[in-house]
Every structure is written in C-alpha cells, then in structure tokens.
Number of protein chains: 2
Amino acid sequence: MLKLTRKVEYSLIALRHMQRKSIDSVSSTKEIATHYNIPLEILAKTLQHMAKENIIEAINGPRGGYRIKAKLNNINLAEFFEKVEGPLGLSDCFYDANCMQIEHCNIRTPIQRINDNMINMFRSMSVQDITN
Amino acid sequence: MLKLTRKVEYSLIALRHMQRKSIDSVSSTKEIATHYNIPLEILAKTLQHMAKENIIEAINGPRGGYRIKAKLNNINLAEFFEKVEGPLGLSDCFYDANCMQIEHCNIRTPIQRINDNMINMFRSMSVQDITN
DNA sequence: TTTATATCCGATATAAATTATCGGATATAT
DNA sequence: ATATATCCGATAATTTATATCGGATATAAA
C-alpha cells in the first residue's frame, strides 16, 4: 500500500544519473541498466515512455542514448508521477467511478481530504529536488 | 500506485458506521456488509483484525457484533494504516532491505524525504478526522 | 554501402500482491 | 438445544506490477 512503482523508481534513478553528467552527453539504456542492476528491457520501456512525455530525449544509433530535455525544476512530483504512472488518487473513485459501494460510501469525502493533502505535498516538491 | 487497500477502506467505512451509533450499541458484520455492499467474509476478517489491534471490540453470540473500543482521536492515520496494513513506506527498502540496486541506488535518500513528508502528513490527521 | 549499436514498440509471459471464498470451530443469548 | 454471531487457518481467484520476446527502425562509423 502507498508504494511507488518500480517504473517511477527507475525513472528517478535514470534522471538522477543523467543529471550528473554534462548537459549534452547521452546515457544509453545499457549503461544505466548495468550500473544500477535494472532489467534492460524494462528500463528501455521506461525511458521510451519518459521520452514520449518530453522529459528526456532519445538519440538514435550507435553512440546514442538519452539526455534530459525538460527543466526538472519546473516539473513537480504530482505531475511527474502522473506522466509516468497515470492518474493519481488514493482510491479509484476519484477519477474512475465504478465502485460497488459508491451509493452508500461514507468515507469518500473524508478520504478526498487526505488525498488533497497528499497531492499538495507532492506538488510542493520538484523532480529536481529528488535528482539533485 | 499510492492507493489505499480495500482493507483500509472497509475498516474506515466500518468505523464511521459504528461511530454514528450510540456508544454501546453493536454492529454485526452482516449489517455492515449488506449496507455498504462489502463481501461478508472479507469484512469479517477486517473487523477481526481491528479487534485484535484493540481498535474495536467483539461481542460474541447472537445480538453480538462489534463496537468501538479505542479513542479514535488518539490514533493518527500513520498508526492506523500500520495497524491495519503493516509497515508504511514508499519503497520496501525503508523497512526490509533486500534490493538488487541497493549498492548503487542513487535515490534512496531523496525518496526518504518524500516518505518523511508523507508520513508526517498522515501523522497530522487522526482517524476521528475521517470518521467524523 | 555495410555493419554494429542503439532506440522503438506491440505482444505476451511471469510474478507478486490484493481480494475473495471455503470449511469448520468457538462463544453465548434466548 | 438452537440459532446467531464471531473466529481463523487454508486456499482460490483476480488484478496489478514486473519482466521478457521478437522483430522493426534509425544512424554513426568503418
């Protein structure tokens, strides 16, 4: 419960790795995967996904790889999590109502409050705060 | 990602249900299950668990059921989640180190910060804040 | 222009966690 | 006694997360 997925973890690890290099040098999937012991194919997918979201950019061909594209201090953690994992919410009913108890549910509103607090907390931190 | 489990949801629903009754009246599993459309056996387990944690108490036999035992304003959400679901943490490595990348992990410390923020947030709300 | 290295990406398999069910025991008010 | 309720270990089903496969495309360098 309340765990980050590996996809998010791998994304952050990769970003931090890239950020520590000079701005225009690239990092290949293999380089990152072997360095951090991450399954290559999974990391590949993860990086492709971040590239699609314009967080990083892909350089094809030999000597290729990825490098950071977005300003990481402009992306807050709530946005980042949503880009990588999709909609954020303590319960599904906040974005995809289809719940057996929705009619009699007596905790939706109070849980919404916890949810708001959590999201505000994530909004108050940037990706840069993590990767720096 | 970052979802509450049904067990937690069912627990909160049940507590809120009980709290709306007079202090010494009991609620049976069946009563709560049918009212909120929760699978009976699951709810039974959930309530047994809360009873073991001394949050509620069980009254056996016919006319039996459960009633609130603890002072809900004295239990913060972090405690509550741990009682119901076990250790809290955005990543397993915070309480059960056994991670492939532990040696080279470059995000453990920064994620710990998010984690601390999250747990503080939960500590600042009581179960009563939810069930009231 | 060939070759090696890299990303790209849909499809699918595997593993883990969550959610749900079953069977039979124990307690107790009526 | 009997009916109603909790108790609880074992297991099944479902869902989600994680990982793998196969083959295509792009491109730098020999």
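Scope of the values below: all heavy atoms of this structure, side chains included, with no hydrogens, waters or symmetry mates. Residue numbers begin at 1 in each chain, while the letters A, B, ... track the order of the sequences.
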inquiry  = Does atom CZ (A:Arg113) have a neighbourhood of more than 12 heavy atoms from anything else shown, all under 6.0 Å?
reply    =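 More than 12 heavy atoms, drawn from other residues, nucleotides or ligands, come within 6.0 Å of this atom.
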query = Above 12 or not: heavy atoms from other molecules or residues under 6.0 Å from NZ of A:Lys30?
reply = no
Donor-acceptor pair, side chain of [X] and main chain of [Y], under 3.5 angstrom:
{"X": "A:Arg67", "Y": "A:Met18", "result": "no"}
{"X": "B:Arg16", "Y": "A:Ile107", "result": "no"}
{"X": "A:Asp129", "Y": "A:Ser126", "result": "yes"}
{"X": "A:Arg123", "Y": "A:Met118", "result": "no"}

Let me know the distance between [atom1] of [X] and [atom2] of [N], rounded to the nearest Å.
{"X": "B:Leu40", "N": "C:dT21", "atom1": "CG", "atom2": "P", "value": "10 Å"}
{"X": "A:His49", "N": "D:dA19", "atom1": "NE2", "atom2": "C1'", "value": "17 Å"}
{"X": "A:Ile42", "N": "D:dA17", "atom1": "CD1", "atom2": "C1'", "value": "9 Å"}
{"X": "B:Glu85", "N": "C:dT19", "atom1": "CD", "atom2": "C1'", "value": "11 Å"}
{"X": "A:Asn37", "N": "D:dA19", "atom1": "CG", "atom2": "P", "value": "11 Å"}

task = Step by step, work out the salt bridge (charged side-chain N to carboxylate O under 4.0 Å, His left out) result for A:Lys3 and B:Asp92.
result = CA-CA 8 Å; A:Lys3 292 247 183 332; B:Asp92 288 344; 3.6 Å; yes
request  = Using ring-ring contact (aromatic ring centres under 6.0 Å, His included) as the criterion, list what pairs up with A:His35, not counting sequence neighbours.
outcome  = A:His17, B:His104
Close approaches to DNA chain D from residues 1-12 of chain A, in residue order (heavy atom, under 4.0 Å) =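 By residue number: A:Thr5, A:Arg6, A:Tyr10.
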ask   = Using purine N1 to pyrimidine N3 plus N6-O4 or O6-N4 for Watson-Crick, or N1-O2 and O6-N3 for G-U wobble, both under 3.5 Å, which nucleotide pairs with C:dT3?
value =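 Check on C:dT3: paired to D:dA28, both distances under 3.5 Å.
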query = Which parts of nucleotides 5-13 of chain C does protein reach within less than 4.0 Å, heavy atoms only, written one letter per nucleotide 5' to 3' as B for base, S for sugar-phosphate only and - for none?
reply = BSSBBBB--
